[in-house]
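For clarity, every value in this text was computed on a predicted model and none was experimentally measured.
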Amino acid sequence: MKLYNIKLDIKNKSELDPDFIPLFKFNEAFLKTAKKPFSFAIERNDKQIYVKSTYVHGDEENAEADLYYLDRLVKFELWQKGGFRIYVKGDDLLIQKLKHTYSPEGSRAFDAEFMGKIYQNEFEIIKCDELPEPYEIKRSIGGHFEGCRVGVDFGGSDYKVAAVIDGEAVYSNETVWNPKVTSDPEYHIKNVTAAMKEAAEHLPRVDAVGVSSAGLIGNNRVLFAQLYGMIPQEFFNTHVRDIYANAAGTLGENIPFEVANDGDVAALAGAISLGKKNILGLALGTSFIGGFVDSSGNLSNWISELAFAPVDASPKAAMDVWTRDIGVGVQYFCQEAVIKLAPTAGISLDEYDTPAKKLKAVQNLLDDGHEGAAAIFRSLGCYLGHTTPFYYDKYGATSFLLLGRTVSGKGGEIMVEIANKILREEYPDVPVEILLPDEKTRRLGQSVAAASLPEA
């Protein structure tokens with residue numbers, strides 16, 4: 001098949017989504033004939049700068065392919081690393097088109113506005129003759145288990161708590177909640193505080209509090225999280241930014257405290273429980289996020305919001321209702337992906353009122369031997385198999401750890417089996433092992449790992 005005049009060969013197609021075109025396949029084929037240098041650097045407001053060098057064709061025949069390739073590349077890098085300013089060096093016409101793409105009138109207007117808002121600067125693309133030097137900050141946090149610790153993992157469908165004494169979880173629990181559809185700030189404050197107190201009640205004292213949270217976190221504050229997306233903007237600064245710090249303060253004064261996004265904590269959980277480094281943690285829950293522990297054991301300082309980073313090159317790819325873009329990770333690697341595929345699998349979920357209940361219904365059908373439910377997870381496994389080399393190219397991680405409710409039970413096992421089959425058949429040179437921890441660690445491990453974030 002051809003896409004933007006680029007010839008592609010896909011051997012293993014998704015059972016329920018045959019139009020799926022792995023973006024890695026497109027990029028790989030595109031770069032075989034692209035020879036003209038093109039590079040850019042992304043800057044954040046903490047002065048970190050990430051530099052990326054690549055190639056384009058730079059001719060009229062491949063103009064459409066060039067712009068599509070750059071659009072997807074820049075978008076992925078933005079949602080992987082974060083930033084508000086892009087320095088660009090290369091073909092003048094492509095730079096002008098890229099500027100328009102990220103303008104208020106362009107197809108990436110949402111991304112530009114969002115990144116500018118998060119980093120509190122106007123988003124801009126600047127043409128330059130020489131790119132700035134790269135600069136990156138890495139964090140060495142986590143792995144502290146001494147004393148009595150509270151760990152909480154706040155997701156979009158549930159929160160998990162753990163009371164940990166000298167590295168051993170003496171209590172753990174999971175509670176369903178509905179933060180993404182609730183606009184009352186008091187609902188969020190009440191539940192966050194109750195979660196921490198629930199764990200603290202099972203400890204003789206509290207020496208430290210660690211929080212894993214969906215969303216973007218900076219300096220222990222919430223920069224953005226869809227968990228709190230329904231709260232009116234005028235209450236965000238007063239009720240949300242310090243919601244975790246304020247709740248931790250109810251347990252006592254001056255208790256060491258640390259917050260990290262759930263992707264980073266997923267990676268940290270893997271590094272701790274498996275004794276591995278160079279690991280990419282993937283949290284497949286209400287949404288989808290990554291976290292990376294490098295070969296030195298440090299957490300990256302990237303946002304790794306892979307829910308909104310592209311993975312599917314098909315023009316028929318599903319649309320994310322929030323960013324209004326197609327082919328991004330949220331439609332392929334979380335409960336939204338299961339719900340998306342259910343009708344094609346002959347499964348109606350109309351009677352269930354929350355995404356978490358819809359996912360659970362499909363998982364129950366899978367346990368009962370429903371072939372359509374099995375087909376859903378085989379299709380997710382196909383997505384994973386074709387996207388693993390893409391993430392390997394972006395992170396260099398040789399171990400992928402899957403956590404979250406979407407990979408709980410038989411579904412996760414099916415996904416890994418299919419993904420490994422595709423890796424063997426189409427990407428034999430990709431040295432990645434895909435890991436599923438035991439069931440308890442898979443569902444509750446992030447809250448225990450979160451407890452280890454602060455140094456007491």
Exercise. Any donor and acceptor pair, going by atom type alone, linking the side chain of Ser408 with main-chain N or O of Arg405 inside 3.5 Å?
Worked result: no

For this session: Please report the closest heavy-atom contact between Ile422 and Cys382, naming both atoms and the distance.
Result: CD1-CA, 3.5 Å

Problem set entry | Worked check of side chain to side chain contact (heavy atoms under 4.5 Å, CB included) between Tyr102 and Val74 | CA-CA 10 Å; Tyr102 282 87; Val74 171; 3.6 Å; yes

Exercise. Cation over ring, Lys340 on Tyr332, under 6.0 Å and within 45°?
Worked result: yes

For this session: Could you tell me how the ring of Phe24 sits relative to the ring of Phe390: parallel (under 30°), tilted (30 to 60°) or perpendicular (over 60°)?
Result: tilted

Problem set entry | Partners meeting ring pair (Phe, Tyr, Trp, His ring centres under 6.0 Å) with Tyr391 (sequence neighbours left out) | none

Problem set entry | Audit row: Phe154, Tyr244, ring pair (Phe, Tyr, Trp, His ring centres under 6.0 Å) steps and yes/no | CA-CA 10 Å; Phe154 293 101; Tyr244 300 130; 5.2 Å; yes

Seminar exercise, completed: In short, side chain to side chain donor-acceptor pair (under 3.5 Å) pairs touching residues 425-434 with sequence neighbours left out are Asn12-Glu425, Asn12-Glu426, Lys25-Glu426, Lys276-Glu433, His386-Tyr427, Ser399-Glu433, Lys421-Glu425

Problem set entry | Ile95 vs Phe38 side-chain heavy atoms within contact, under 4.5 Å | yes

Exercise. For Asp264, what residues pass the salt bridge (charged side-chain N to carboxylate O under 4.0 Å, His left out) criterion, not counting sequence neighbours?
Worked result: Arg139

Problem set entry | Atom pair OG1 (Thr406) and CD (Gln335), whose distance is rounded to the nearest 0.5 Å | 5.5 Å

Seminar exercise, completed: Ile279 and Ala267 have their tightest heavy-atom pair at CG2-O, 3.8 Å

Problem set entry | Asp393 side, atom CG; Thr388 side, atom OG1 - distance, nearest 0.5 Å | 12.5 Å

Exercise. Under 3.5 Å, is there a donor-acceptor pair between the side chain of Ser314 and the main chain of Lys316?
Worked result: yes

For this session: Sequence neighbours left out, what passes salt bridge (charged side-chain N to carboxylate O under 4.0 Å, His left out) with Lys36? Give chain and number order.
Result: Asp91

Exercise. Considering all heavy atoms of both residues, which atom of Leu380 and which atom of Ala337 are nearest to each other, and what is their separation?
Worked result: CD1-CB, 4.1 Å

Problem set entry | Neighbour count >12 (heavy atoms, 6.0 Å) for atom CD, Glu168 | no

For this session: Would you indicate whether Glu417, at its atom CD, is surrounded by more than 12 heavy atoms from other residues, nucleotides or ligands within a distance under 6.0 Å?
Result: no

Problem set entry | Backbone N/O of Ile21 and side chain of Asp312: donor-acceptor pair under 3.5 Å | yes

Exercise. Less than 4.5 Å apart, any side-chain heavy atom of Met230 and any of Thr182?
Worked result: no

Problem set entry | Lys277 atom NZ, over 12 foreign heavy atoms within 6.0 Å | no

Problem set entry | Student check: side-chain heavy atoms of Leu384 and Leu402 closer than 4.5 Å | yes

Exercise. Are any side-chain N or O atoms of Asn220 and backbone N or O atoms of Glu258, one a donor and one an acceptor, separated by less than 3.5 Å?
Worked result: no

Exercise. Within the side chain of Asp66, is there an N or O that forms a donor-acceptor pair under 3.5 Å with the backbone of His57?
Worked result: yes

Exercise. Parallel, tilted or perpendicular for Phe333 and Phe288, by the 30°/60° rule?
Worked result: tilted

Exercise. Can you find a pair of side-chain heavy atoms, one from Leu306 and one from Ile289, that are under 4.5 Å apart?
Worked result: no

For this session: Check whether any side-chain heavy atom of Val240 sits under 4.5 Å from a side-chain heavy atom of Leu227, and report yes or no.
Result: no

Problem set entry | Working for side chain to side chain contact (heavy atoms under 4.5 Å, CB included), residues Ile434 and Asn420 | CA-CA 8 Å; Ile434 303 175; Asn420 282 330; 4.0 Å; yes

Seminar exercise, completed: Rounded to the nearest 0.5 Å, the CD1 atom of Ile6 sits from the NZ atom of Lys32 at a distance of 11.0 Å

Exercise. Quick one: does Tyr159's side chain get under 4.5 Å of Val211's, heavy atoms only?
Worked result: no

Exercise answer: donor-acceptor pairs, residues 13-20 side-chain atoms, under 3.5 Å, sequence neighbours excluded:
from  : atom 1 : to     : atom 2 : distance (Å)
Ser14 : OG     : Asp17  : N      : 3.2
Glu15 : OE1    : Arg378 : NE     : 2.8
Glu15 : OE1    : Arg378 : NH2    : 3.4
Glu15 : OE2    : Arg378 : NH2    : 3.0
Asp17 : OD2    : Tyr383 : OH     : 2.7

Exercise. Less than 4.5 Å apart, any side-chain heavy atom of Asp46 and any of Asn301?
Worked result: yes

Seminar exercise, completed: Which of Gln48, Glu136, Gln80 passes side-chain hydrogen bond (donor to acceptor under 3.5 Å, both in side chains) with Trp302? It is Glu136

Exercise. Do Leu23 and Phe76 come within less than 4.5 Å of each other through their side chains, counting heavy atoms only?
Worked result: no

Exercise. Would you say the side-chain atoms of Asn62 pair up with the backbone N or O of Ala65, donor to acceptor, closer than 3.5 Å?
Worked result: no

Problem set entry | Shortest non-hydrogen contact from Ser452 toward Ile272 | OG-CD1, 3.6 Å

For this session: Return yes if some donor-acceptor pair links the side-chain N/O of Ser157 with the main-chain N/O of Thr286 below 3.5 Å, else return no.
Result: no

Exercise. Can you name the closest pair of heavy atoms from Ala269 and Leu401 and give their distance?
Worked result: C-CD2, 4.3 Å

Exercise answer: donor-acceptor pairs, residues 108-117 side-chain atoms, under 3.5 Å, sequence neighbours excluded:
from   : atom 1 : to     : atom 2 : distance (Å)
Arg108 : NE     : Asp71  : OD1    : 3.0
Arg108 : NH2    : Asp71  : OD2    : 3.4
Arg108 : NH2    : Asp325 : OD1    : 3.4
Asp111 : OD2    : Lys75  : NZ     : 2.7
Asp111 : OD2    : Trp79  : NE1    : 2.8

Exercise. Looking only at atom types and distance, does a side-chain atom of Asp368 sit under 3.5 Å from a main-chain N or O of His370, one as donor and one as acceptor?
Worked result: no

Exercise. Does the Arg44 side chain pair with the main chain of Lys81, one donor and one acceptor, at a distance under 3.5 Å?
Worked result: yes

Problem set entry | Donor-acceptor contact present, side-chain Arg241 to main-chain Val222, <3.5 Å | yes

Exercise. Under 6.0 Å from the CZ atom of Phe145, do we count more than 12 heavy atoms belonging to anything else shown?
Worked result: yes

Exercise. So among Val362, Leu349, Ile347, Leu366, which one has a side-chain contact (heavy atoms from CB on, under 4.5 Å) with Val338?
Worked result: Val362

Problem set entry | Donor-acceptor side-chain pairing of Glu198 and Tyr171 below 3.5 angstrom | yes

Exercise. Below 6.0 angstrom between ring centroids: does that apply to Tyr68 and Phe30?
Worked result: no

Problem set entry | side chain to side chain contact (heavy atoms under 4.5 Å, CB included) between Asn27 and Leu73, worked out | CA-CA 9 Å; Asn27 290 350; Leu73 178 60; 5.9 Å; no

Exercise. Between Asp153 and Ser447, does any side-chain donor sit less than 3.5 Å from a side-chain acceptor?
Worked result: no

Exercise. If you round to the nearest 0.5 Å, how far is CG of Leu98 from NE2 of His100?
Worked result: 11.0 Å

Exercise. Does a donor on one side chain sit under 3.5 Å from an acceptor on the other, for Ser300 and Tyr395?
Worked result: no

Exercise. What is the minimum heavy-atom distance between Ser183 and Pro232, and which atoms define it?
Worked result: O-CD, 3.7 Å

